[in-house]
Structure formats: structure tokens, C-alpha cells
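Throughout, protein chains are lettered first and strands after them, A, B, ... in sequence-line order, and every chain is numbered starting at 1.
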There are 2 protein chains.
Amino acid sequence: MSTIRDVARAAGVSVASASRALNGHSNVTPAMRERVQRAAQELRYVPHSGARSLTRRKTDTIGVILPDLFGEFFSELVRGIDLIAHRSGLHLLLSNMRGSAYETASAVQAMRGRIDGLLFMPPNANIEELKTCLDGVTPTVLLNYQDPALNLPCVTIDNYAGAYAMTRHLVEQGYQKIVHICGPAHNFDARERLRGFRDALREHAGQRNPMILPGDFTEEGGKHAADMLVSGKTGFDAVFAANDVMAVGCIAELEARGLRVPHDAAVSGFDDIPLARHITPQLTTMQVHIDRLGSTAMLLLLRMLGGEELDASQSNVSVPSLIVRGSTGRRDAAKAPGIIG
Amino acid sequence: MSTIRDVARAAGVSVASASRALNGHSNVTPAMRERVQRAAQELRYVPHSGARSLTRRKTDTIGVILPDLFGEFFSELVRGIDLIAHRSGLHLLLSNMRGSAYETASAVQAMRGRIDGLLFMPPNANIEELKTCLDGVTPTVLLNYQDPALNLPCVTIDNYAGAYAMTRHLVEQGYQKIVHICGPAHNFDARERLRGFRDALREHAGQRNPMILPGDFTEEGGKHAADMLVSGKTGFDAVFAANDVMAVGCIAELEARGLRVPHDAAVSGFDDIPLARHITPQLTTMQVHIDRLGSTAMLLLLRMLGGEELDASQSNVSVPSLIVRGSTGRRDAAKAPGIIG
DNA sequence: ATCGTGGCTGAAACCCGTTACATCGCAGGC
DNA sequence: GCCTGCGATGTAACGGGTTTCAGCCACGAT
């Protein structure tokens with residue numbers, strides 16, 4: 001592998017001139033530039049980005065730390081980020097932390113000297129340790145997490161408003177015994193969605209003690225919840241799952257148990273994953289533009305890289321929109337078999 | 001940001017000793033190590049990976065260059081890669097090339113000095129330019145592409161065998177007018193699948209001029225093909241789409257046009273995306289373990305990083321397995337309405 | 001007492017670029 | 001003809017680590 005010194009030697013000039021010629025500085029004669037470029041080409045010289053970033057104090061790389069690299073959420077998020085990053089000639093350094101706080105801290109630290117900025121989606125675990133390793137070292141934008149203690153801009157989804165809107169939709173459709181399958185207890189999104197569900201049900205249906213089933217955001221979890229519902233003695237006529245994946249599992253299990261959706265019970269989800277449109281009945285859900293989440297975060301980060309000082313007040317909250325499909329078809333009083341259970 | 005010199009000064013030792021103490025070299029007294037570690041902790045010292053990789057000639061980073069960062073294929077592939085990479089403490093530097101050959105070349109070059117090895121999935125465009133920039137500079141494993149001219153190990157899917165097996169399955173089920181919706185003409189996978197289809201049909205059904213419809217691997221493409229089929233005058237009783245996404249589009253369109261699958265016509269796909277199990281009828285398809293593709297490639301690359309000299313002869317071909325589901329349900333002679341068209 | 005040995009330690013070179021600063025030559029102004 | 005100023009070029013420092021090599025010291029052996 002040839003270095004810039006090799007190029008300089010081959011061209012019979014100093015390394016400084018070689019560097020200037022190759023980087024398009026103006027104070028270089030055309031003849032000199034020509035000579036250097038020719039030498040570089042012949043030696044197949046490619047600058048060593050690592051060395052370059054050492055002096056430039058710029059790596060042209062953005063770190064992306066996520067809880068896991070899995071599924072639709074991940075791919076859409078990265079797509080959104082890359083769309084903007086690529087446009088600015090930035091690379092993406094990916095890291096996951098497998099949920100562990102220790103891994104998270106080391107992942108953040110391992111980024112030092114590799115990146116110019118960080119997009120960080122914290123795990124649901126305790127955030128305390130993060131504060132120490134995130135203290136203004138590198139420009140950072142948080143994804144899907146908000147913490148007043150960390151005065152960082154963040155890009156989030158308004159889970160509360162989304163769950164509220166969905167619950168209200170179900171109430172307005174005439175459903176009376178609406179059950180919520182929630183996500184993991186420590187999950188930020190899950191908690192907010194549960195809160196939205198609770199508030200909407202209290203404010204629009206006057207219910208104070210709705211039925212809540214535990215869930216884990218997996219298809220199996222949705223099936224399990226449906227199982228409990230059908231076997232249980234509590235009646236229900238609608239299920240609002242905290243995400244689409246569980247809703248899909250729930251529908252599958254309900255139908256396996258002989259119930260028809262939405263005829264016997266409505267089911268709705270959250271996220272609008274591609275699958276939502278493809279199952280039968282099509283799933284009513286809250287549409288979240290995950291790619292936009294990534295793009296927005298990246299745009300904020302670009303501003304920070306440009307020197308702007310952004311803080312939590314610049315945070316961006318995107319409100320998901322209600323997509324009504326077949327799975328919550330208007331409850332027809334004539335055909336409805338009444339509340340199950 | 002404190003450097004190792006700051007740490008050395010604080011501990012009252014030389015940088016060399018500080019470096020040795022922090023990197024766990026054996027020739028350091030416990031007292032010295034203690035002093036240095038304490039100083040590092042107090043100064044919140046984190047080594048600068050960029051600088052470190054300059055001397056070590058090792059970046060602990062793997063470059064991953066893909067045609068695009070999109071969809072299930074991408075996320076599964078990255079998951080498989082990360083699974084192995086993470087285990088070895090390697091980071092992932094992601095790059096896409098948007099199909100352009102120029103971008104590809106510059107993406108590969110931009111990796112110089114940033115990575116220890118490369119996982120590369122070439123675009124379908126001409127490979128010629130790549131040879132020059134891939135010439136043994138860095139250990140490389142090719143994904144899903146094989147080229148005798150590039151003597152590199154590659155990890156591929158046996159598209160030919162998969163398509164052959166699927167076609168044979170359809171023939172054995174009794175279907176007689178089997179149509180293939182193929183992928184983009186320049187796509188390597190698509191061409192191989194088409195070839196497998198052709199050969200199987202010739203060898204097992206004696207057909208030499210099967211009906212081939214153009215496609216583009218998108219849902220819309222599948223719908224369009226179904227549209228042509230239904231409107232066209234050529235009869236068909238089974239459709240083998242070159243990927244699941246098109247198969248899904250095809251089924252949707254067929255049903256929209258009043259045909260039932262598999263009653264009126266069978267439909268099968270290729271890839272076994274998660275959606276395949278969720279649509280009605282469930283899709284018969286060839287299961288491809290995309291995550292394993294990534295893991296296998298990463299394992300090969302690890303061996304190369306370990307000093308082994310691998311070449312094309314070490315390539316790994318994974319044969320997809322046939323997953324029979326409802327969409328190609330055995331053609332029941334009694335109920336079948338005969339060939340449509 | 002002397003010499004050799006071995007283990008720690010520190011100074012300095014090195015990795016590969018970029019850039020501040022010094023130098024040089026040349027043209028123009030007086 | 002001499003000085004000034006400017007633009008092109010070269011030298012060397014620098015960025016932040018790692019590593020080689022030499023020096024130092026204490027210890028054991030002769």
C-alpha cells in the first residue's frame with residue numbers, strides 16, 4: 001500500500017505539495033498538480049482515512065447505537081439515517097448493545113476517535129450510567145427516548161397521542177370492552193402507549209380499570225394474550241395491542257380458536273409494519289414513519305456538526321396517524337353477537 | 001478530551017508505561033498499573049481508537065458494502081453478520097452504493113484505513129471496475145456473487161437448485177401450465193432462478209418453451225404480472241414468482257380479479273420472508289437463511305483476518321429448502337376447474 | 001567485589017496524513 | 001538597482017497512540 005510519501009517521492013516533490021495537490025488547494029501550479037496526480041494514479045494511491053482523520057479531527061463517520069439490529073424497525077431506521085448521511089458523504093458505524101447497560105457504555109466509549117457524531121437509541125435499562133459517558137463528548141441525538149437530565153435533542157414518536165387516538169377510535173366504533181396487550185414493563189414506548197390507552201378510556205368511555213394483559217412485543221406474546229382472553233372469563237369485544245407484531249399473533253390465535261375478527265372482536269395494533277396490510281383482515285393500526293424518525297435525527301445531528309448548539313428544546317416529536325382497516329370494522333349492531341365472555 | 005499523555009503526566013510516569021499499564025502488558029509492576037489506572041479513571045480517559053488503529057494497523061472494524069440498505073434481506077443479513085462480528089469485538093461500517101458502479105468504487109476506496117476486512121455484495125452492474133479496486137488490498141468475502149476472475153471466497157445461495165426444486169414440486173403436484181415471473185434481467189439471483197426453472201421444466205415436464213413474465217422483485221411487479229396473466233389468452237394453472245414479494249403481489253391481484261389460490265391457480269415464491277407465513281393462503285416458498293448467509297461470510301472473513309489465505313475454492317453455497325404451504329395445495333382433480341385461459 | 005542477568009522504565013521513533021511556518025524566487029514599484 | 005510583496009514550495013511539527021531499544025537498578029552467582 002503506497003503512502004503519500006511514496007507519491008511525493010515518485011513525483012519528485014515534497015509531501016506537503018503532494019497533499020496540497022491532491023486535496024485541491026489553490027496554491028499549487030497546474031504543472032505540479034498534474035505531476036502529483038499522475039504519480040498517485042500510477043501508484044494506485046488511496047489516502048489512509050484513519051491517518052487523515054487524526055489530523056483533520058474529523059472522521060466523516062456517524063455512530064449509530066441501537067438496542068438490537070433486528071427486524072423492520074431497524075432496517076427502516078437505518079434507511080432513513082443513511083438517506084441523509086449518504087447525501088453528506090458520511091459513513092455509518094453500527095453498534096448494538098444487546099440490552100446490556102455495560103455493553104452500552106463500552107459501545108459508546110469504543111466510538112471515541114471513530115465518529116463525528118452519534119445517533120443513540122438507549123436501552124430501556126437504567127440511564128444513569130449513560131450520563132457519564134455521554135457528557136458532551138460528541139454531538140449526540142437521542143432516538144426514541146427523552147430524558148430531561150440529558151439535555152440532548154431527541155427524536156421521538158408520540159406514543160401517548162397515538163395510543164390515545166387508537167383507543168378513542170375503538171370507543172367511537174362502539175366497542176365497549178376494550179383490552180390492551182402491553183409491551184415489556186420497562187419499555188419506554190410500551191409505558192407511553194399504556195398511558196395513552198388508560199387516559200383515553202377514562203376520558204371517552206369513563207372506564208377507570210380497564211383490562212390490561214402483559215405482553216412482550218412478540219408474536220408469541222400476542223398469541224399468549226389471545227389465549228388468556230379466550231380461556232378467561234372476562235368479556236371483551238376489542239383488543240388494542242401495543243404493537244403490530246402482537247396484534248398479528250393475537251388475530252392468528254383468535255381465529256385458531258374459532259373467533260372471527262372483527263365480527264367477534266376487533267383487533268388493532270401500532271407501528272403499521274408492512275405485514276399489517278397483508279394479513280386478513282387487514283390491520284387497523286397507528287402509522288409511524290420510522291424512516292423519517294431516522295432522517296429527522298440525522299438532520300438534527302448534521303446541524304450540530306455544523307456548529308449549532310442544540311439541546312432538548314430542539315427535540316422533534318412525530319405524531320403517528322390512524323390507519324383504519326378491516327380489523328376494527330364498524331361494529332354492526334344487527335350482526336354483532338354481543339360481547340364475548 | 002484527555003490523552004494518554006495527560007494520564008501519564010497525572011500519574012507521574014512516561015507515556016510508554018501508561019500505555020503498557022492500560023493495555024495489560026505483563027512487564028509492569030502492580031503499583032505502576034494501579035497508579036496509571038487511577039489517573040485514567042480520574043481523567044475519564046478513553047483511548048482514541050483512530051490513533052490507536054494507526055499504529056496497530058488494525059481497526060477492529062469490518063466494512064459492509066451492500067447495494068442498498070432496505071428491507072428484510074438487509075436487516076437479516078446484518079443481523080447474521082453482527083452476531084459473529086460482535087462476538088469478536090468487531091464493529092460494522094456500513095455503506096451502500098445505490099447500484100452505481102462509480103459509487104461502488106468510491107465506497108470501496110473510502111474504506112481504506114477504516115477497516116480490517118470487507119464483506120462485499122456487488123451490484124449487478126459490470127464487475128470490471130471492481131477488480132482494480134479490490135485487488136488484494138484488504139481481506140474480502142463476497143456475498144451472493146461469484147466470479148472466477150475475482151479469486152475471492154464467496155457465500156452464495158444456490159438459486160439454481162432452489163428454483164429447480166420449486167419447479168419440480170409444482171410439476172409433481174400436477175400443475176401443467178406453470179408460469180415464471182422473473183426478476184430484473186441483470187440480476188444475478190434472478191437469472192439463476194430462471195435457469196433453474198427452465199431446466200426443471202424441461203427435465204420433468206418436457207417443456208421447452210415455458211411462459212416467462214418480466215418482473216422486478218417488487219409487489220407492484222407481481223401485481224402487474226398477474227394482471228397480464230389474467231387478461232392474457234395464455235392458460236396457466238401455477239405461478240412461480242422469483243421472489244416472495246412478487247408472489248404476494250401476484251396473489252393479491254389474482255384474488256382481486258376473482259381467482260382463488262390455490263384452487264384456480266397455485267402461486268409460489270422464493271426467500272421465505274416472514275410475511276409468507278402470514279398471508280392467506282400461506283405461501284409455498286424456498287427458505288433461505290439470510291442471517292446464516294451473513295454469519296457464514298463473517299466467519300470466513302474472520303479466518304482470513306486470522307491469517308489464513310482463502311480463495312474462491314473456500315466458497316460456501318447454501319441450498320435453500322422447500323417449504324410447502326397452502327398456496328400450492330395439491331391440485332385436486334375432482335375439484336379443479338381445469339386450466340384457466 | 002565483580003560481573004551478568006533479568007525485569008522495569010523512559011526517550012524517541014513510528015504510523016500517515018495535514019498544516020504552520022520558513023524559504024525561495026520572481027515580478028513590480030520606487 | 002534595490003526593496004517589497006506575493007505566490008509556490010519545502011521542512012518539520014503535530015495529532016494520539018504503540019513499540020523498539022537503551023538505560024537503569026537490584027539481585028544472585030562466582
Requested in this report: State whether A:Arg38 and A:Glu42 are salt-bridged, where the test is any N-O pair (Lys NZ or Arg NE/NH1/NH2 against Asp/Glu carboxylate O) under 4.0 Å.
Outcome: no
Query - Terminal axis angle for the helix from C:dA1-D:dT30 to C:dC30-D:dG1, five pairs an end, nearest 10 degrees - result: 60°
Report task. Give a yes or no on whether B:Arg33 atom CZ has more than 12 heavy-atom contacts from other residues, nucleotides or ligands under 6.0 Å away. Result -> yes
Query raised in the report: Is A:Asp6 salt-bridged to A:Arg9, going by a charged N under 4.0 Å from an acidic O?
Result: yes
Query raised in the report: Between CD1 of A:Ile290 and CZ of A:Phe74, what distance do you get to the nearest 0.5 Å?
Result: 12.0 Å
Report summary line: All heavy atoms of A:Pro153 vs all of A:Leu300, minimum pair found to be CB-CD1, 4.4 Å
Report summary line: The contact string for nucleotides 8-20 of chain D, one letter per nucleotide 5' to 3', using protein heavy atoms under 4.0 Å with B, S and - for base, sugar-phosphate only and none, comes out as SBBB---BBBBBB
Query - Ion pair check, B:Lys58 and B:Asp116, cut-off under 4.0 Å - result: no
Query raised in the report: What distance separates B:Leu301 CG from B:Leu118 CG, expressed to the nearest 0.5 Å?
Result: 8.0 Å
